[in-house]
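Naming convention: chains lettered A, B, ... in sequence-line order (proteins, then strands); numbering from 1 in each chain. What's counted below: heavy atoms across the whole structure, side chains too, no hydrogens, waters or symmetry copies.
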Amino acid sequence: MEDPLLNFLVKFQSLVARNVVISHLGVENVNKICALDVAYKGNKGYAVAVYFDGQGYDHNVVIDEVKFPYIPTFLFIREAPLMIKALEKYQDQCQLTLIDGHGLAHPRKSGIATVIGVLLDIPTIGVAKSRLFGEEVKEDSEIYILAHGEKVGIKKGKFYFSIGNKVDLNDVKVLARKGYPEILKLADKLSKEAKGKNS
DNA sequence: GCGACAG
DNA sequence: ATCTTGTCGC
């Protein structure tokens, strides 16, 4: 890590990791949820925040030029700014925000879900479609994800759920049991729609 | 040096 | 993530 910028980002992530709050939210009793995802077309990013109020869905799209490339373990600097902008509309109403990517299942316990959760001081859970970091251990018919020896999430099918901020392993477990969240499928669909429209 | 590597 | 044809399987 001799690149000064990446070296700086590593320190930033370490600061974020030191400020993560792991506490019980009670996902089973939460009905107002948000989800974040981003689609790309060239150097344009199409971020979408989807909000479910317990009855129906609403969403907000934010489009902007993305300057930073994708570098494994540094996804947050590329996508978080746009995601946060898209979430502003519902930020005060969401009891929990699901984010496309990992949370604590990251080499520095600072995946994009954790970064956004700590920066905004809100409950978040990371949901990723593939592996980035951590050992997988089976226990009680569950596959736990360990980061530096600590249980930080659960693998369910082909998906990886991990603590972002202000939730605990129990919350993640309850969410994971239901499979890939419908609201994230919607976020994925809507971001790709926005991308197609703006061409 | 080699392999792994969210979106 | 995105680019992309046909193809294997429920």
Base, sugar-phosphate, or nothing for A/A105, non-hydrogen atoms under 4.0 angstrom?
-> nothing
Which part of the nucleic acid does A/K44 contact within heavy-atom distance under 4.0 Å: base, sugar-phosphate only, or nothing?
->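 No contact at all - A/K44 keeps every heavy atom at 4.0 Å or more from the nucleic acid.
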Other than A/F133, what residues sit in its cluster of Ile, Leu, Val, Met, Phe, Trp and Tyr side chains whose heavy atoms are under 4.5 Å apart, directly or through others?
-> A/L132
Please work out whether the ring planes of A/F12 and A/F76 are parallel, tilted or perpendicular, with thresholds of 30° and 60°.
-> parallel
Pairing string of DNA chain B (Watson-Crick or G-U wobble, both atom distances under 3.5 Å; | = paired to other strand) is .......
Counting heavy atoms not belonging to A/F8, are there more than 12 under 6.0 Å from its CZ?
->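 12 or below, so no.
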State whether the number of non-hydrogen atoms from other residues, nucleotides or ligands found under 6.0 Å of A/K85 atom NZ is greater than 12.
-> no
Measure from NZ or CZ of A/K151 to the centre of the six-membered ring of A/Y144 and say whether it is under 6.0 Å with the direction within 45° of the ring axis.
-> yes
Do we get A/R177 above A/F159's six-membered ring, with its NZ or CZ under 6.0 Å from the centre and within 45° of the axis?
-> no
Toss me the dot-bracket line for DNA chain C: Watson-Crick and G-U wobble, both under 3.5 Å, 5' to 3', using | for pairs to another strand and [ ] for crossers.
-> ..........
Testing the basics here: between [X] and [Y], what is the closest heavy-atom pair and its distance to 0.1 Å?
X	Y	value
A/L184	A/L36	CD2-O, 4.0 Å
A/V50	A/A187	CG2-CA, 3.6 Å
A/S162	A/H102	OG-C, 3.8 Å
A/V21	A/N165	N-OD1, 2.8 Å

Are A/K192 and A/D37 ion-paired here, with the side-chain N under 4.0 Å from a carboxylate O?
-> no
Option among A/T97, A/D58, A/N60 that satisfies the side-chain hydrogen bond (donor to acceptor under 3.5 Å, both in side chains) test with A/Y90 | A/D58
Start and end of chain A contact along DNA chain C [non-hydrogen atoms, under 4.0 Å] |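 Contact boundaries, 5' end first: C/dA1 to C/dT2.
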Quick one: which residue pairs count as a disulfide bond (SG atoms under 2.5 Å apart) with a foot in residues 14-110 of chain A, not counting sequence neighbours?
->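 For residues 14-110 of chain A: A/C34-A/C94.
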Contacts under 3.5 Å, N or O only, protein and nucleotides 4-7 of chain B:
residue : atom : partner : partner atom : Å
B/dA6   : OP2  : A/Y70   : OH           : 2.2
B/dA6   : O5'  : A/Y70   : OH           : 3.4
B/dA6   : N7   : A/T73   : N            : 3.3
B/dA6   : N6   : A/T73   : O            : 3.2
B/dA6   : N6   : A/L75   : N            : 3.4
B/dA6   : N1   : A/I112  : N            : 3.0
B/dA6   : N3   : A/H102  : N            : 3.0
B/dG7   : OP1  : A/K129  : N            : 2.7
B/dG7   : OP2  : A/S130  : OG           : 2.9

